[in-house]
Amino acid sequence: MEWPRNPDEAFAIQDELRLKLLDGPVPAEPLTFAGVDVAYGEDRLAAAVVVLGADLSVRETAVAVGEPAFPYVPGLFAFRELPAVLEAFEGLEDKPDVIVCDGQGRAHPRRFGLACHLGVLLDLPTFGVGKTRLVGEADEPGEKRGERTALIDRGEEVGALLRTRDGVKPVYVSAGHRMDLATACALTLRLTPRYRLPETTRAADHTCRAALAQVHRGG
DNA sequence: GCGACAG
DNA sequence: ATCTTGTCGC
């Protein structure tokens, strides 16, 4: 796979892959959701993919250990952990119906955040749920779970600020590949019956941390 | 020139 | 992301 050696090459790859980004079709009733997350150690990282069923129980898990493939640059975040994430996906028995990313999808300077990038490479429906903002402005949504406001960047609606729990800080939701914002928000709510972040993200977070601790000890 | 800036 | 103690709340 072609890999950028500097930011300019990374920008070019994003511009090229963005042409493959699709708005649909959107999965009507996804039965499985994959959560992706990465944990960092000293010059090492562990990526985890956890697949949940419709009842949000864990169906399958896959991990991969590697090194950061690119320095952290806002807007180029995907290049840092994508190789390890892709390797983890290769360890899955079944392809998930939709992938939930820890970060942004189209709420990105060039409309091609991690969720878009991963979706295009795997050609699977994706969306992003970020804890903090990368681009855009939005009014504060109402205090109730389910309330949301438009995230606007340069006059374009690129995502939403969505309240997943009453009175709790909202999350940044944006569509990735083969996805639309309304569906992404609906699925995010379905994945947050109890906590601020989706169960997919939480499960993947725990799994990649455990995997990192494992190798950090040796083995 | 000075901030902002997913994880 | 990660480095870090105590602390408030269910």
Side-chain angles (χ1 to χ4, degrees), chain A residues 4 7 10-11 13-14 17-18 21 35-50 63-86 88 99-121 126-138 143 145 151-154 156 158-162 164-177 179 181 184-185 188 193-198 200-216:
Chain A
F11 292 145
I13 291 174
Q14 289 184 326
L17 290 179
R18 189 180 54 234
L21 199 55
V36 188
D37 196 21
V38 175
Y40 294 78
E42 297 217 27
D43 50 62
R44 265 192 183 182
L45 58 77
V49 179
V50 177
V63 300
V65 175
E67 297 175 5
F70 205 77
Y72 172 69
V73 178
L76 298 179
F77 171 60
F79 293 98
R80 187 168 174 71
E81 44 186 54
L82 221 37
V85 169
L86 291 173
I99 300 171
V100 186
C101 295
D102 187 10
Q104 318 296 332
R106 303 195 191 210
H108 176 279
R110 289 169 299 285
R111 310 295 181 256
F112 202 71
L114 173 64
C116 300
H117 202 144
L118 183 61
V120 166
L121 293 187
T126 61
F127 65 92
V129 179
K131 296 180 286 293
T132 59
R133 172 204 107 97
L134 174 58
V135 299
E137 294 79 41
E143 292 301 308
R145 159 179 161 85
L151 178 63
I152 308 293
D153 182 47
R154 291 176 295 162
E156 186 180 354
V158 296
L161 235 193
L162 175 68
T164 55
R165 305 301 307 163
D166 290 359
V168 172
K169 181 181 180 182
V171 296
Y172 291 79
V173 179
S174 59
H177 185 54
M179 181 61 54
L181 185 56
C185 287
T188 297
R194 175 144 194 205
Y195 299 102
R196 176 195 178 217
L197 298 179
T200 39
T201 299
R202 291 167 44 77
D205 179 69
H206 294 162
T207 303
C208 67
R209 290 197 192 211
L212 185 64
Q214 192 74 253
V215 298
H216 191 280

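Basis for what follows: all heavy atoms, side chains included, without hydrogens, waters or symmetry-related copies. In the text below, chain A, chain B and the rest are named by the order of the sequence lines, each starting its count at 1.
Whole-Å rounding puts the K169(A) NZ to dA6(B) P distance at 11 Å. Residue Y195(A) contributes atom OH, which lies 15 Å from atom P of dC10(C) at whole-angstrom precision. In this structure, CD of Q14(A) is placed 14 Å from P of dA6(B), rounded to the nearest angstrom. What separates CG of D153(A) from P of dA6(B) is a distance of 13 Å, to the nearest Å. In this structure, NE2 of H108(A) is placed 20 Å from P of dA4(B), rounded to the nearest angstrom. If you take CZ of F70(A) and P of dA6(B), they are 16 Å apart, rounded to a whole angstrom. Taking atom CG of L134(A) as the reference point, atom P of dA6(B) lies 6 Å away to the nearest angstrom.
Put simply, T132(A) has a side-chain N or O that comes within less than 4.0 Å of OP1 or OP2 on dG7(B). Look at R133(A) and you'll find a side-chain N or O under 4.0 angstrom from OP1 or OP2 of dC5(B). Between Y72(A) and the phosphate of dA6(B), there is a side-chain N or O to OP1/OP2 separation shorter than 4.0 Å.
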Name each donor-acceptor pair under 3.5 Å that joins a side chain in residues 63-82 of chain A to protein atoms two or more places apart or in another chain, with its distance.
| unit_1 | atom_1 | unit_2 | atom_2 | d |
| --- | --- | --- | --- | --- |
| R80(A) | NH1 | F70(A) | O | 3.0 |
| E81(A) | OE1 | Y40(A) | OH | 2.6 |

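Side-chain contact between R111(A) and D153(A) is present, with at least one heavy-atom pair separated by less than 4.5 Å.
Relative to the six-membered ring of Y195(A), R202(A) meets both conditions, a distance below 6.0 Å and an angle of at most 45° to the axis.
With values rounded to the nearest 0.5 angstrom, S174(A) atom OG is found 10.0 Å from L114(A) atom CG.
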Using a cut-off of under 3.5 Å, enumerate the N/O to N/O pairs linking the protein to nucleotides 1-6 of chain C.
| unit_1 | atom_1 | unit_2 | atom_2 | d |
| --- | --- | --- | --- | --- |
| dA1(C) | OP2 | K131(A) | NZ | 3.1 |
| dT2(C) | OP1 | Y40(A) | N | 3.4 |

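Partner T201(A) forms a side-chain contact (heavy atoms from CB on, under 4.5 Å) with one of T188(A), V36(A), V50(A), D102(A) and no other, that one being D102(A).
Within a 6.0 Å radius of CZ in R133(A), other residues, nucleotides and ligands contribute more than 12 heavy atoms.
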